[in-house]
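For reference, the structure discussed in these notes is given below.
Chain letters run A, B, ... following the sequence lines, proteins first and then strands; every chain starts at 1. All figures in this text were calculated on a predicted structure; none of them were measured in a lab.
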Amino acid sequence: MSITMIQFFAAVLSLTVIGGLFGFILSVAQKKLHVEKDPRVEEIFEILPGANCGACGCPGCMAYAEKIVNNNMDTNLCPVGGPETANKVADAMGKVSGNVVRKISRVHCQGGKFNARNKFKYEGPQTCAGAQLIDGGYRVCSYGCLGLGDCADICPFGAIHIDERKLPVVDLDKCTGCGKCEEVCPRNVISLVPRGKDVYVMCRNREKGPLMKQGCSAGCIGCKLCETKACKIVFQNNTDVESAIKVDNFIAEIDYSVCIDCGKCASVCPQKVIFYPEKTDSGILEKE
Amino acid sequence: MITKTFKGGVHPPENKKLTDKKKYENLSIPSTIRVPLLQHIGKPAVPVVNIGDIVEEGQLIAKADGFISANIHAPLPGKVTDINLFATHMGRKNTCIVIEVQGNFGHKYNTFFNDWPSLDSAQLLEKVIAAGIVGMGGAAFPTHVKLSPPAEKPVDCLLVNAAECEPFLTVDDNLVKAFPDEIIEGIEITLKILKIRKAVIGIENNKKESFNLLKKTIASKNLSSSISIKMLKTKYPQGSEKQLIQVLTGRVVPSGRLPMDVGVVVQNVGTVFAINEAVIKNKPLYERYITVTGSAVKKPGNYKVKIGTPVSEIIDECGGLIKEPGKVIMGGPMCGLALSSLDIPVVKGTSGILVLTEKETSVGDYCACIRCGRCVQACPVNLLPLEMANAAEFTRFDLTDEMNPLDCIMCGSCAYVCPSGRPINHFIKLAQNHLRNKK
């Protein structure tokens with residue numbers, strides 16, 4: 001079927017007219033229905049890192065930007081951006097930013113495939129949350145890492161991987177301290193520790209030494225040597241602080257608000273359960 | 001005979017032939033027993049004895065803490081040697097009272113009190129509470145809670161669950177065969193506590209002998225006007241509370257509600273028997289009947305055991321193992337819990353111990369869902385197990401939250417029929433936990 005010249009021009013003309021009409025309606029609508037928007041929201045959103053990790057407590061960076069502007073939320077809640085972002089956001093808002101303590105995820109377990117013993121063979125869904133449902137996890141130790149990688153799966157920054165020991169390893173350069181891993185871990189093996197403090201305890205077992213030894217060869221036995229032979233000596237001239245590391249319920253725990261990161265506790269631990277990197281002048285040497 | 005049933009369900013091999021003709025035997029007394037303080041749904045009981053105390057058979061050793069809790073009694077006379085955390089069937093370590101058996105067995109519970117009709121409803125209920133009775137079918141919900149419905153929810157019908165739909169188990173079947181008079185009397189007592197006049201017993205049609213026996217007993221006691229008995233189709237999960245209500249009364253328990261909301265109370269036959277013993281003999285619940293079965297055990301049968309006996313001693317008493325076991329399950333094969341250690345003690349809710357070889361238990365990895373829809377057909381509560389499992393597998397709990405995971409009764413029919421061998425109910429459990437934590 002052939003198209004005549006008249007039909008062709010009629011089609012072009014009618015479409016042009018319809019297009020023009022809709023364009024006119026849209027331009028009128030934009031003027032009439034204009035919504036006043038605070039330009040600072042867009043500005044702050046640009047400053048924020050855009051990871052949408054939710055560490056600030058808001059669902060995404062845009063929501064946080066809106067809450068900073070409209071609800072007067074604090075500007076120092078973004079751990080990903082750190083102090084620089086907090087200061088920039090505070091400047092944009094004409095405020096002074098609060099302190100930002102940059103944190104990092106630490107894995108409080110060194111059991112894994114080689115040290116921790118299993119109760120039974122687990123065949124269900126290969127997630128930590130699933131394994132935790134069956135008899136409280138397949139490891140004899142009911143406090144340690146299950147090694148199925150829920151933390152690695154959820155990390156928005158790809159900072160965690162499960163190594164050959166079946167334990168999560170945190171990449172210190174990539175970790176922003178958003179705390180997603182801490183939230184998802186069914187056994188609370190991961191916690192957030194202030195950046196700059198390199199010492200941490202690699203165990204969470206609250207059982208007496210012999211009971212713990214039934215399940216794992218590398219756990220804290222609660223011998224208190226870190227407290228009595230190291231930390232109390234370091235703080236002996238300090239009247240305010242007795243010791244930064246304390247053994248309660250057969251597990252050593254570090255109070256980071258007073259810890260000076262000297263690493264003496266790690267050197268006396270008979271179970272080698274306190275991690276402290278070898279430090280040289282050029283920087284930190286990570287050791288296993 | 002017209003048999004009744006519900007939509008969905010599965011037909012696993014019954015495997016009841018191993019033990020269904022075996023009469024009850026007593027097991028010999030263990031030297032030490034470990035009685036967990038949390039054997040029921042609710043708060044753990046609080047111990048009322050100290051280390052070093054000498055206890056008598058049937059003495060109260062732990063008191064119920066609050067309304068939804070249950071008393072616990074010493075199964076054997078002896079000395080309390082330890083109160084500490086031990087592994088139990090719940091998975092997590094729980095506080096147990098350890099009793100080293102010694103002293104005399106007073107035959108305390110051989111006197112009969114047959115004048116129960118003279119007591120009123122509250123006095124009878126008091127005896128049930130004192131005896132620490134919980135649901136004997138497996139879930140172990142404190143019985144006195146079910147027997148005291150609030151005034152705004154009137155109950156008009158008692159259902160007695162003798163279906164025993166789990167494969168392998170024959171404990172309820174044998175209980176009916178051994179004690180038909182006591183069970184019927186227990187139903188009368190329960191009716192009096194609830195102040196109602198109608199009870200229906202439901203029993204699957206693979207237990208004809210028990211059915212006829214109960215029917216004869218009801219007729220001989222002239223109770224046909226108040227207690228009736230109905231035969232059900234043999235299908236799993238016929239003995240599940242909500243399915244049983246639907247089949248026997250035609251009422252449907254709405255999503256998220258209790259049987260009380262439709263005017264029904266369901267009790268297992270084992271519970272009814274325990275109520276009878278508590279009232280007639282004044283005997284607390286410290287021993288129960290269980291089925292020990294499976295192809296790996298030498299002498300499968302039905303046994304009377306004391307609460308707190310370790311599973312390892314029971315298996316030894318039954319002739320030990322003849323094959324390398326793959327799984328030891330407490331309860332039935334569909335709803336039971338696999339044990340991680342044989343030191344775990346028997347509790348009030350243990351209906352059986354199942355020793356299966358590795359060949360009989362499904363071993364191996366699961367594959368992706370092929371969307372065949374068999375689980376939807378099998379689901380007795382009209383859920384979409386495949387959709388829920390697939391979403392939960394990839395932690396999309398925002399999707400599962402809207403699929404009513406809490407209506408799932410964890411019967412495992414979906415996982416049983418799944419050709420990909422997917423642990424569907426395990427995934428649904430994850431979805432349930434997510435929703436419960438959110439609330």
> Under a 4.0 Å N-O cut-off, is there an ion pair linking Lys246(A) with Asp248(A)?
Replying inline: no

>> Would Val305(B) and Ile314(B) count as a side-chain contact (heavy atoms from CB on, under 4.5 Å) here? Give the steps.
In response: CA-CA 8 Å; Val305(B) 297; Ile314(B) 294 173; 4.1 Å; yes

> Do any pairs count as a ring pair (Phe, Tyr, Trp, His ring centres under 6.0 Å) and have a residue in residues 46-67 of chain A, sequence neighbours left out, and if so which ones?
Replying inline: none

> Given the rule in the side-chain contact (heavy atoms from CB on, under 4.5 Å) test, do Leu383(B) and Glu387(B) qualify, once you have shown the distances and angles that lead to the verdict?
Replying inline: CA-CA 9 Å; Leu383(B) 294 172; Glu387(B) 297 286 356; over 6 Å; no

> Quick one: does Asp74(A)'s side chain have a donor or acceptor within less than 3.5 Å of a partner on Asn76(A)'s backbone?
Replying inline: no

>> Quick check for you: among Gly130(A), Gly137(A), Gly124(A), which has the greatest number of heavy-atom pairs under 4.5 Å with chain B?
In response: Gly130(A)

> Counting a contact as any heavy-atom pair under 4.5 Å apart, which residues of residues 108-120 of chain A contact chain B?
Replying inline: Lys119(A), Phe120(A)

>> Could you tell me if Thr357(B) and Glu324(B) have a donor-acceptor pair between their side chains, going purely by distance under 3.5 Å?
In response: no

> For chain A, which residues from residues 423-433 of chain B lie under 4.5 Å away (heavy-atom distances)?
Replying inline: Pro423(B), His426(B), Phe427(B), Lys429(B), Leu430(B), Asn433(B)

> Quick one: ring pair (Phe, Tyr, Trp, His ring centres under 6.0 Å) partners of Tyr256(A), sequence neighbours excluded?
Replying inline: none

> Do Asn94(B) and Thr88(B) have side-chain N/O donor and acceptor atoms under 3.5 Å apart?
Replying inline: yes

> So, Arg206(A) and Glu253(A), do they make that salt bridge, N to O below 4.0 Å?
Replying inline: yes

>> Do Arg34(B) and Phe86(B) form a cation-pi contact, if we require the NZ or CZ to be under 6.0 Å from the six-membered ring centre and within 45 degrees of the ring's axis?
In response: yes

> In terms of heavy-atom proximity below 4.5 Å to chain B, should Ile134(A) be classed as side chain, backbone, both, or neither?
Replying inline: side chain

